[in-house]
Structure formats: structure tokens, C-alpha cells
K.L.:
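Here it is, the structure in full.
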Number of protein chains: 2
Amino acid sequence: MHSFTEENYLKTIYYLANRRQGEVSTNALAEMTATKAASVTDMLRKLAEKQLIHYKKYQGVRLTDEGERLALQIIRRHRLWEVFLVQKLGFGWDEVHEIAEELEHIRSEELVTRLDTYLGYPQFDPHGDPIPTPAGQMPETGYRKLSEVEAGEGVCLMAVLEHSTEFLKHLDHSQLTLGCQVTVNEINTFDKSVLVQIESGRSVFISHEVARNLLVKN
Amino acid sequence: MHSFTEENYLKTIYYLANRRQGEVSTNALAEMTATKAASVTDMLRKLAEKQLIHYKKYQGVRLTDEGERLALQIIRRHRLWEVFLVQKLGFGWDEVHEIAEELEHIRSEELVTRLDTYLGYPQFDPHGDPIPTPAGQMPETGYRKLSEVEAGEGVCLMAVLEHSTEFLKHLDHSQLTLGCQVTVNEINTFDKSVLVQIESGRSVFISHEVARNLLVKN
DNA sequence: ATAAAAATTTAGACGACCCTAAATTTTTAG
DNA sequence: CTAAAAATTTAGGGTCGTCTAAATTTTTAT
């Protein structure tokens, strides 16, 4: 089948293609996979031969339908395992990424199916990211960034864009939890920081940098 | 740290050393790991350099204390995951070996600790094999083979030596379950097959080949 | 429009793990 | 006790995924 490494490249291409729209560059992949551009080029040739990506030299790269199907399968596994680690084993949401990076490569369709059932068919992982369907569809969420919300609006905190331990610990510290109702009281014009009120009635100051990484819905 | 492959060699050396007493041969390892003797020699040199085995050319191999500690750690992980797969995900005891072979290599001490707690600190895996302690001790069981039990004795089925799907399915079919009380009614002198009575009152015929792979206690 | 800068690919190499074929050592049988 | 058989190791090589250095293509800035 496909190697551990190939799976990681596919997942990374999917991620980058959806962050910055369009083709993914060799350098961006090298940075994300912590390798060098030359190594990426080698792998791209291999993935192109296997028909998992569309690749023209010097032109960047795009997943084929089959490549996207595989990428979504890996992402589905990753997110289901994260749910398991947090809900069943009691890990913090800031501790599960690295472990799920390994678990996502376990090769057993049956395992994923049973895990999904065991977890009660969750729709979202602990960071609020939607879990792709068994058929390989990424659910649409229609979330906005908190940084784009107008003053006076009340919204619900749904997901985080940044997964680093530091960022997540910072949110815990500010009592910002997913599912939490927040009302935007003030938007500072000069630094775009916001002052929100959370359910407990407490006011929380949120920098623009943080607000850009919080996804909300009405 | 240590590679996936190194871990598998250590585990296999442990297994073979405890089956046939004493030193483990290159050929035996080649057969178990489904590689060739020449490849085994390469790996043995590497493991010896890392001080995980005692190795003299042409003399067979033995784990060092550190090597045994690592082997028991892998075996502990393997068996805990098997418990998870059977008890939590509902897999059959004949379906879990291959998946646990992959899960056992996930590198997180915290994960194993939490899994152990989640499972309620099980002492035995679904095949009745004892789970090594966190400190790296293999619990003694004192089981005997069913093939060594005298006629008239009543014993309890505790574990299986053979883990193949065919063997386990055969036991399921004969209604032989772990924990099952059996009384040996007859031992055939010419083929050493035994006739036992199980809890339900049913009589079950067990060939010597099968009896040799069943472990019991009084 | 073109020269400098940036991005990408090619060339050549390395470590991990595996292989086959040949050489060497140990074991076994007569 | 020695010659044949069996086990093991060495020699030389292959693939995968990585690297550095050099060559090539694309982009950017003047």
C-alpha cells in the first residue's frame, strides 16, 4: 500500500491547499514536513507516478480525487483518535496531536469503523475540527473568525485554527472553552484586540492574534 | 530512540529465548521475522553495538538486562492494546494480533499508563497471557499444559499458546473459553487425545495437538 | 526588459533495512 | 576423526527517504 511518509505528504498537501487556496509549493511542503525542498521534489515525483497528485515541474502540486480521498481518510483517523484520547483517556486537548500523528497510520479499516462506533459517531474533534465522513467528505461548517465579528454580536466558540500547546493552554487560562457563548463588547480600533463577555459574566481581553485563530458561529 | 524494526527483533528474541530455553539462533530469528539469515546478522551486530543483546559470532544471542526491559515494555503495550481491542471495541480474540502489532510501537509512555488505567489494570490479555508490570517484570503463572493433566483431574482453562486465527476459531467452535472449568474424563493411550467434560455438561474431544496448546491451572 | 533573487529540480551520496551469492565456521554422521 | 551438511557471516548490491551542492527555471525589481 502507501507508506507512512506518503500518507503524511498527502495530509500536508491537503492542509496547505485548503489554507492558502490553490496549488501547493515545494517550499511550503518542505517547511511543514521539516525536510528540504530536494526531498520534497523526490516524493512529489513518486506521488505523481502513483496518480495521487497532479504535478508539473516548477508549477506546484494539487491532489487528485484519489489523493484527496486518501488524505481525508488519514485526517478522519487522526481526528477520531484525538476524540478517543481526550474523551476516553482523559488527555488534555493540548497533549494529543503528536500521539494522534502516530495512531492515524494504523492500517485497519475495521479498527476505524469500530472506534467511530465506540465514540458515538462524533462530528468534531477536541479542537472543533469536523471529522470527515467514512465516505471521504469533509463536512462544511460555515464558521467565521472571531476577528471578523462586529461589536455587539453574540456568538458561540466552535473551533481553533492553531493547535500549539501554548495557544491551547492560553485559552484554558482565559476560560475560553469550545461551546462557550461570548458577546463582543468592544473592538479596539488601533490593535484590533477585542473585549468579550463570557457565560460566567467575566470579561476577557483577546488580542487580534488570538481572535484570528478562534472560529465561531451565531 | 529505537526503530520499529529493532523493537520487533527484541520482542522476537524474548519470545524465542523463553520458548526454547537458552540462546536464540540466527535461523530461528530469520524464520520468525520473515527475513533471511543474512539480514538477521546485520541487525544483531547493530543491537549488540547498542548493548541490547549479548552476541558472539556463530554463538547465538541473548538479551541484556536493558534489552529485556525494552522487550517487556513492547510486550506490555501489545497485550494492553489487545485487551482494549477485545473489551472496548468488541473485536474477536482471533482478530486482534495484527492490529496490536502496529499499536505496540506508538511511542508515548503516558499513553500506555492512561490506557492501563482506563482498562482497569488488567492482569491478562484476551489469550490469557500475563501483562508485564510497568516496572518490566513478567508475572509468573505456574500454568501447565492440558496435555500433561492426569485422567480424573478437574482444571481451569487459563491461556492459549497458539494465537493463530484457525486455532482460536476452533476453540470457539468447541465451546472452549478461557476461565472454563474442564474435567479430564479419558486419555487415549495411542494418540494422546483427551475427552473432557465442560461446565455445560457437554463432552468435548481434544486432540493432543490442541491439548499441547492449552494452559490450565487447578 | 532584463538582471538579480528566489524557488525548484537534478546529481550524487548516505543510513536503515533488506536481498543473493559466496565464504567461513560449527555440527553431525559415518 | 574427518568429510559432508547445516548454520552463519561476509561481500556486494537494491530501495526508500533523506541530505548537500550545483544547475535550472520562475519571479521580482529596477
Side-chain angles (χ1 to χ4, degrees), chain A residues 1-13 16-17 19-63 67 70-71 74 101-102 104-105 107, chain B residues 1-13 15-17 19-63 67 70-71 74 101-102 104-107:
Chain A
M1 276 295 293
H2 307 104
S3 75
F4 192 104
T5 311
E6 288 170 330
E7 291 189 350
N8 281 334
Y9 271 90
L10 291 175
K11 193 181 54 164
T12 307
I13 293 167
L16 290 175
R19 213 181 47 171
R20 337 190 188 282
Q21 313 290 62
E23 320 276 286
V24 175
S25 76
T26 301
N27 268 0
L29 277 167
E31 196 190 335
M32 279 287 289
T33 56
T35 62
K36 297 304 164 75
S39 312
V40 172
T41 301
D42 282 351
M43 181 56 81
L44 294 185
R45 193 174 317 101
K46 191 170 150 198
L47 292 174
E49 261 164 33
K50 293 195 176 189
Q51 317 242 42
L52 299 173
I53 58 174
H54 296 291
Y55 174 54
K56 287 248 166 54
K57 283 205 295 190
Y58 297 100
Q59 303 296 122
V61 79
R62 194 162 45 82
L63 291 173
L70 282 172
I74 317 294
E101 287 285 297
E102 297 189 47
E104 72 191 6
H105 299 290
R107 287 162 212 299
Chain B
M1 276 296 293
H2 306 104
S3 75
F4 192 104
T5 311
E6 287 170 330
E7 291 189 350
N8 281 333
Y9 270 90
L10 292 176
K11 193 182 55 166
T12 307
I13 293 168
Y15 174 73
L16 290 175
R19 213 181 48 172
R20 336 192 189 281
Q21 313 290 62
E23 320 277 285
V24 175
S25 75
T26 302
N27 267 0
L29 277 168
E31 196 189 335
M32 279 287 289
T33 56
T35 62
K36 297 305 164 74
S39 311
V40 172
T41 301
D42 282 352
M43 181 56 82
L44 293 185
R45 195 175 315 104
K46 191 170 150 196
L47 292 174
E49 261 164 33
K50 294 196 176 189
Q51 317 244 40
L52 298 173
I53 58 173
H54 296 291
Y55 173 55
K56 287 248 167 54
K57 284 204 294 189
Y58 296 101
Q59 302 296 121
V61 80
R62 194 162 46 81
L63 291 173
L70 281 172
I74 317 293
E101 288 284 298
E102 298 189 47
E104 73 192 5
H105 299 291
I106 307 289
R107 287 163 212 297

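These numbers come from the heavy atoms of this one structure, side chains and all, not from hydrogens, waters or symmetry mates. Every chain is numbered from 1, with letters handed out A, B, ... down the list of sequences.
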K.L.:
When you check every protein heavy atom under 4.0 Å of nucleotides 7-14 of chain C, what one-letter string (B, S, -) results, 5' to 3'?
P.N.:
SBBB----
K.L.:
So does A:Asn8 get a backbone contact from the side chain of A:Thr12, meaning a donor-acceptor N/O pair under 3.5 Å?
P.N.:
yes
K.L.:
Would you mind checking if B:Glu31 and B:Lys36 are paired as a salt bridge, meaning a charged N to carboxylate O distance below 4.0 Å?
P.N.:
no
K.L.:
Does the side chain of B:Thr35 reach to within under 4.5 Å of the side chain of B:Tyr9, using non-hydrogen atoms?
P.N.:
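They are in contact (side-chain heavy atoms under 4.5 Å apart), so the answer is yes.
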K.L.:
Is A:Glu6 salt-bridged to A:Lys11, going by a charged N under 4.0 Å from an acidic O?
P.N.:
no
K.L.:
Under 4.0 Å between a side-chain nitrogen and a carboxylate oxygen: does that hold for B:Arg107 and A:Glu101?
P.N.:
no
K.L.:
Just so I know, are the side chains of A:Tyr55 and A:Leu47 near enough to count as touching, which here means a heavy-atom distance under 4.5 Å?
P.N.:
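With C-beta onward as the side chain, the pair stays apart.
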K.L.:
Could you tell me how far apart B:Lys36 (NZ) and D:dG14 (C1') are, to the nearest whole angstrom?
P.N.:
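Taking NZ of B:Lys36 and C1' of D:dG14, I get 15 Å after rounding.
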K.L.:
Could you check if a side-chain atom of B:Met43 sits within less than 4.5 angstrom of a side-chain atom of B:Thr5, using non-hydrogen atoms only?
P.N.:
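Yes, close enough: below the 4.5 Å cut-off.
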K.L.:
Answer whether the closest heavy-atom distance between the side chains of A:Val61 and A:Thr26 falls below 4.5 Å.
P.N.:
no
K.L.:
Does anything in residues 2-11 of chain A reach DNA chain C, meaning a heavy atom under 4.0 Å, and if so which residues?
P.N.:
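Of all residues in residues 2-11 of chain A, none places a heavy atom under 4.0 Å from DNA chain C.
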